[in-house]
2 protein chains.
Amino acid sequence: MHPSKESITLSGILYALSDPTRLALIQSLASKGAQSCGALSLPVAKSTASHHFRVLREAGIIQMQAEGTQFINSLRRDDLDSRFPGLLDAVLLASEVA
Amino acid sequence: MHPSKESITLSGILYALSDPTRLALIQSLASKGAQSCGALSLPVAKSTASHHFRVLREAGIIQMQAEGTQFINSLRRDDLDSRFPGLLDAVLLASEVA
DNA sequence: ACCAATGTTCGATTAAATTAGAACATAAGA
DNA sequence: TCTTATGTTCTAATTTAATCGAACATTGGT
């Protein structure tokens with residue numbers, strides 16, 4: 001379900017983050033910390049939101065852990081920083097500027 | 001044909017670079033400097049290569065200038081660095097690691 | 001047990017990207 | 001002027017992605 005750090009690919013990350021909805025998602029996670037899927041309140045259907053979480057998860061950008069009836073999402077910051085130094089920070093900085 | 005610096009979007013850049021063929025293209029431009037389309041010798045049909053150049057150009061990542069019968073491609077490094085500091089470098093670094 | 005809350009998965013639909021072949025445009029050279 | 005070189009544009013086929021509704025699973029509370 002969650003890819004290992006080594007199997008995270010650059011193309012996968014760039015693709016996952018090229019979607020404005022997913023970009024907004026990780027921006028929220030970065031600024032407000034870990035949140036459940038519902039707390040992130042996307043303006044799309046539940047199934048669509050679930051799809052976006054899956055894309056981010058399978059790209060290795062977020063991790064999800066069950067907590068009661070909900071799932072808590074958080075950035076895999078350490079893994080990303082060690083595998084692709086500076087990339088996440090540059091994207092987050094750019095997403096604030098734009 | 002070439003977008004202004006201000007109209008370059010983060011999503012556009014991330015999407016354009018999420019394709020392995022295009023990523024390889026800009027990596028070659030970064031390491032070997034400006035090159036014609038032909039010199040970059042992609043393993044695809046001419047029309048397909050032209051499509052990839054167009055995507056990179058319209059995303060604001062490269063600029064193309066006519067030079068005789070050919071087009072010289074180069075990175076819009078200054079524009080990218082000023083608009084999204086550190087992003088291009090992080091991607092290029094990541095593309096070397098991976 | 002029963003019910004509500006929270007997401008996931010399945011199936012279908014619609015939209016967008018990738019690819020390539022064929023025809024076209026432009027510049028340089030013989 | 002004719003030909004070659006270098007890409008672009010057009011059109012079409014295949015693939016991939018985004019979206020939603022409905023049904024399903026799991027947990028926690030009543």
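Note that the structure is predicted; figures quoted are calculated from it, not measured. In what follows, chains are A, B, ... by sequence order, proteins preceding strands, each numbered from 1.
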From B:Val91, B:Leu29, B:Leu56, B:Ile8, residue fulfilling side-chain contact (heavy atoms from CB on, under 4.5 Å) relative to B:Ile61: B:Leu56
From the options B:Ile13, B:Leu92, B:Asp81, B:Leu17, select the one residue that forms a side-chain contact (heavy atoms from CB on, under 4.5 Å) with B:Leu87. B:Ile13
Residues in side chain to side chain contact (heavy atoms under 4.5 Å, CB included) contact with B:Gln27, at least two apart in sequence or another chain: B:Ser95, B:Glu96
Starting at the 5' end of nucleotides 15-30 of chain D, put B wherever the base has a protein heavy atom under 4.0 Å, S where only the sugar-phosphate does, and a dash everywhere else. --SSBBBB----BS--
Nearest-angstrom distance from the residue atom [atom1] of [X] to [atom2] of [N]:
{"X": "B:Arg54", "N": "D:dC10", "atom1": "CZ", "atom2": "C1'", "result": "11 Å"}
{"X": "A:Phe71", "N": "C:dA5", "atom1": "CZ", "atom2": "P", "result": "18 Å"}
{"X": "A:Phe53", "N": "C:dT6", "atom1": "CZ", "atom2": "P", "result": "13 Å"}
{"X": "A:Ile72", "N": "C:dA5", "atom1": "CD1", "atom2": "C1'", "result": "14 Å"}
{"X": "B:Leu40", "N": "D:dT6", "atom1": "CG", "atom2": "P", "result": "13 Å"}
{"X": "B:Gln70", "N": "D:dT8", "atom1": "CD", "atom2": "P", "result": "11 Å"}
{"X": "B:Arg57", "N": "D:dT8", "atom1": "CZ", "atom2": "P", "result": "7 Å"}
{"X": "A:Gln65", "N": "C:dG7", "atom1": "CD", "atom2": "C1'", "result": "15 Å"}

Of all heavy-atom pairs between B:Arg22 and B:Ala16, which one has the smallest distance, and what is that distance?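 Nearest pair, atom of B:Arg22 first, then B:Ala16: NE-O, 2.6 Å.
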If I compare all heavy atoms of A:Ser28 with all of A:Gln35, which pair ends up nearest, and what's the gap?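 What the structure gives for the nearest pair is OG-NE2, 3.0 Å.
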Pair A:Asp89 + A:Arg77, salt bridge at N-O below 4.0 Å: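 Salt bridge: yes.
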